[in-house]
Enquirer: 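Sending over a structure as structure tokens; questions will come in a sec.
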Number of protein chains: 2
Amino acid sequence: MASIREVAKLAQVSPATVSRVMNGTAKVDEQKKRRVLEAIEETGFVPNEVARSLFKKSAKLIGLILPSIENPFFAQLAGAIERKADKHGYRLVLCNTGSNVEKERAAMQMLMSMNADGIILTTSNDEIREYTAKCNIPVIVTDRSFSGSDALKYVHCNHYQGGRMAAEHLISCGCKNIVCIKGPQEISSAKDRYQGYKDICQEKGIKEQTMECAYDFNEGMRVTEKLLEEYKDVDGIIACNDMVAISAYKVLIRNNIQVPKQVKLIGFDDIALSKLMTPALTTISQPVEEIGAKAAELIIFRDESTKQEYIYEAKLVERETTR
Amino acid sequence: MASIREVAKLAQVSPATVSRVMNGTAKVDEQKKRRVLEAIEETGFVPNEVARSLFKKSAKLIGLILPSIENPFFAQLAGAIERKADKHGYRLVLCNTGSNVEKERAAMQMLMSMNADGIILTTSNDEIREYTAKCNIPVIVTDRSFSGSDALKYVHCNHYQGGRMAAEHLISCGCKNIVCIKGPQEISSAKDRYQGYKDICQEKGIKEQTMECAYDFNEGMRVTEKLLEEYKDVDGIIACNDMVAISAYKVLIRNNIQVPKQVKLIGFDDIALSKLMTPALTTISQPVEEIGAKAAELIIFRDESTKQEYIYEAKLVERETTR
DNA sequence: TTTTCTTGTGAAACCCGTTTCAAATCTGTT
DNA sequence: AACAGATTTGAAACGGGTTTCACAAGAAAA
């Protein structure tokens with residue numbers, strides 16, 4: 001690969017001039033400019049991003065630290081972030097952590113030493129804060145929130161309100177016996193959703209009935225089996241996310257329970273498969289495109305405002321499992 | 001962030017010695033070693049990967065160029081690659097292209113200028129070969145294949161055999177009237193799967209009946225509607241992938257056609273949702289974990305062999321849509 | 001014509017970890 | 001004690017694009 005010095009020699013100018021032509025950082029004599037452009041063409045020169053990044057202390061890189069890219073919701077989030085990043089010439093470095101703090105820390109450190117311009121992090125381990133405090137690049141937490149008086153910024157959906165909407169919707173569908181399969185309570189979004197459901201129960205004087213379940217298919221089926229034993233006359237289920245809702249559906253059918261006739265079912269996230277399953281899943285949708293775009297923007301445009309939290313409204317998407 | 005020179009000063013040694021302590025590239029006096037380690041601890045020094053990469057001409061980076069990370073199959077593939085890469089200290093740079101050649105080219109160029117160690121590419125645009133030819137880093141094509149006498153390597157599943165298996169399975173389930181919804185024929189995997197089906201038809205003296213469909217939910221539904229009009233007495237459908245199979249199922253149910261009783265349905269890929277949908281989808285599964293791992297390994301271990309193609313066997317996963 | 005202000009340009013320093021090479025120190029031998 | 005051989009160590013160069021700074025050349029003002 002040709003270097004800037006070779007191009008300079010060929011064009012009979014200095015490397016500085018080549019750099020100025022490429023970046024338009026200063027006016028260059030038309031003749032020389034043409035010679036440089038020709039030399040670049042001839043050598044097929046492409047500036048080395050690493051050298052550039054070493055000097056500029058910016059690699060035009062955004063670190064994306066996720067529990068798992070295989071989770072459809074996170075894949076969608078990654079897609080949204082990638083679109084915005086690509087549009088502005090930034091690239092994504094993907095790190096899966098399985099929610100392991102040690103891996104999260106290692107990834108953050110690595111990203112910093114790579115001169116990444118910022119980190120988008122989805123985690124619930126608030127111990128990571130000891131680390132993010134030392135970060136000299138912006139760290140944006142998405143989907144979750146454990147806000148404190150630190151330098152983190154948060155971009156997420158109003159999960160609490162989503163939880164309320166889910167409960168209200170089932171009630172308006174005539175459910176008298178709602179069970180909430182809440183997600184792992186150390187995950188803030190799961191907690192918020194649950195809190196929304198809980199508050200509605202209190203407001204309406206409804207008995208609170210819950211199960212707890214990890215974000216996992218098998219776990220979802222296991223928990224639903226247990227749910228059916230414990231709450232024989234359940235007629236509405238709020239699942240902590242669409243994956244769990246889909247597993248719950250499977251178990252309901254296996255037990256000859258008709259959906260939505262006997263039991264109404266609602267999930268969260270509106271992953272692509274939700275509208276595709278049969279019957280289509282009613283769910284609380286997150287504006288994932290906006291969330292991803294905002295997170296990316298905060299890094300790309302070096303947001304200096306003191307606003308710490310960006311919250312988006314959830315939306316009920318009524319489909320067949322509650323009709 | 002502290003630099004190696006600051007650490008050196010603090011430990012009263014030269015930067016070279018600090019480097020040697022960190023990398024174990026040469027023996028260092030025990031006393032000095034201890035002083036260096038202490039200085040590193042005290043300053044919280046983390047070596048700058050960019051500087052290292054500039055000199056080493058390797059950024060410990062694997063470029064991953066995909067049509068879309070939102071496609072569950074590619075997300076799974078990305079997960080598999082990430083696991084293997086992470087294990088060996090490599091990171092992934094994610095580029096979505098929407099199958100746009102121009103974006104693919106831009107991504108490859110960028111990755112090369114970032115000193116990436118290799119590129120894993122999923123594309124069907126064989127014009128890209130003009131570009132890959134100029135690549136001085138290994139390029140591994142996954143899932144697809146348009147092999148020629150170039151420097152590319154291919155890692156994929158035996159789609160042809162998968163196509164045969166799908167057809168044979170439906171026949172063995174007693175289907176007399178199979179329709180194959182083939183994928184876009186410019187995609188080699190889609191072509192191979194279709195060819196497998198076609199050959200079985202010939203071998204068994206069955207009439208070939210096909211539709212063509214993009215890998216897209218809406219497209220899948222539209223095409224299935226049309227299929228039902230054209231082939232009134234269809235009793236078996238081979239969908240080009242699981243996404244399309246799931247959409248097909250939706251349309252079948254909407255038309256009061258029972259699956260698997262009246263029509264048996266089989267997909268390809270075995271994405272996570274396939275076993276989760278109700279009824280669970282019979283599908284031809286790809287060993288995606290192995291495919292991803294192999295692709296990553298070829299880069300990480302700088303495979304020098306002349307073997308150009310690594311092919312894995314597909315596997316029938318029999319579930320409820322054909323029982 | 002001389003002075004002053006622009007403007008274009010290249011040499012060199014810079015970013016920072018790694019490696020080379022030669023000097024310095026230490027070991028062991030005679 | 002003196003010397004050959006082995007081992008440690010630091011100064012400096014390196015990778016490659018960017019930027020500073022000072023000089024040169026041309027333009028405008030006096």
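First the proteins, then the strands, lettered A, B, ... as listed; each starts at 1. Keep in mind that this is a model prediction, so the values were computed, not measured. For the numbers below, each heavy atom of this structure counts, side chains included, while hydrogens, waters and symmetry mates do not.
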Enquirer: Nearest-nucleotide wise, let me know which of B:R20 and B:A51 is further upstream toward the 5' end of DNA chain C.
Expert: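 Upstream on the strand: B:A51.
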Enquirer: In whole angstroms, how far is the P atom of D:dT7 from the NZ atom of B:K33?
Expert: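 Going from B:K33 (NZ) to D:dT7 (P), I get 16 Å.
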Enquirer: Distance check: side-chain N/O of B:S19 vs OP1/OP2 of C:dT18, anything under 4.0 Å?
Expert: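 So the side chain of B:S19 is within the cut-off, an N or O lying under 4.0 Å from OP1 or OP2 of C:dT18.
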Enquirer: DNA chain D: B:P15 or B:F55, which has the more 5' nearest nucleotide?
Expert: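 Looking at DNA chain D, the more 5' nearest nucleotide goes with B:P15.
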Enquirer: Just one of B:D143, B:T142, B:N71 clears the side chain to side chain donor-acceptor pair (under 3.5 Å) bar with B:T122, so which one?
Expert: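 Answer after filtering B:D143, B:T142, B:N71: B:T142.
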Enquirer: OP1 or OP2 of C:dC14 versus the side-chain N and O atoms of A:K56: is any pair under 4.0 Å?
Expert: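 No, outside the criterion.
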Enquirer: Is the distance from OP1 or OP2 of D:dT9 to the nearest side-chain N or O of B:K32 less than 4.0 Å?
Expert: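 Checking D:dT9 against B:K32, a side-chain N or O does come within under 4.0 Å of OP1 or OP2.
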Enquirer: Find which nucleotide of DNA chain C each of A:K27 and A:A16 is nearest to by heavy atoms, and output the residue with the more 5' nucleotide.
Expert: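 Its nearest nucleotide being more 5', the pick is A:K27.
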Enquirer: Any base atoms under 4.0 Å from B:V13, or only sugar-phosphate, or nothing? Heavy atoms, all strands.
Expert: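 Sugar-phosphate, backbone atoms only, no base.
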Enquirer: Could you check how far CD1 of B:I40 sits from P of C:dG17, rounded to whole Å?
Expert: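 Answer to the nearest Å: 10 Å.
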Enquirer: So, A:Y310 versus A:H156, ring centres under 6.0 angstrom or not?
Expert: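 No, too far apart.
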Enquirer: Over how many whole Å does the gap from A:D29 atom CG to D:dG26 atom P extend?
Expert: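 Nearest whole value for this atom pair: 11 Å.
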Enquirer: Are any of B:N23's side-chain N or O atoms less than 4.0 Å away from OP1 or OP2 of C:dG17?
Expert: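 For C:dG17, OP1/OP2 do not have a side-chain N/O of B:N23 under 4.0 Å.
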Enquirer: How many Å lie between NZ on A:K60 and P on D:dG17, as a whole number?
Expert: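 Atom NZ in A:K60 sits about 17 Å away from atom P in D:dG17.
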Enquirer: Let me know the distance between CG of B:L54 and P of C:dT18, rounded to the nearest Å.
Expert: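 My rounded result for the distance is 12 Å.
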Enquirer: In this structure, how many angstroms lie between the C1' atom of D:dT8 and the CD atom of B:E30, rounded?
Expert: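 Rounded to the whole Å, the gap is 13 Å.
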Enquirer: Hey, what do you get for OH (A:Y90) to NZ (A:K84), rounding to the nearest 0.5 Å?
Expert: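 It is 12.5 Å, given to the nearest 0.5 Å.
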Enquirer: Distance from A:C135 atom SG to A:I128 atom CD1, nearest 0.5 Å?
Expert: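 Reported value, rounded in 0.5 Å steps: 8.5 Å.
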Enquirer: To the nearest Å, how far apart are A:N48 CG and C:dC15 C1'?
Expert: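 Nearest whole value for this atom pair: 13 Å.
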Enquirer: Are any of the side-chain nitrogens in A:D117 or A:K60 under 4.0 Å away from the carboxylate oxygens of its partner?
Expert: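 Salt bridge flag = no for A:K60 with A:D117.
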Enquirer: Measuring to OP1 and OP2 of C:dT9, would you say a side-chain N or O of A:T17 lies under 4.0 angstrom away?
Expert: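 A:T17 to C:dT9 OP1/OP2: no side-chain N or O under 4.0 Å.
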Enquirer: Separation of B:I4 atom CD1 from C:dT19 atom P, in whole Å?
Expert: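 Nearest whole value for this atom pair: 11 Å.
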Enquirer: Nearest-nucleotide wise, let me know which of B:V28 and B:R5 is further upstream toward the 5' end of DNA chain D.
Expert: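 Counting from the 5' end, the first nearest nucleotide belongs to B:V28.
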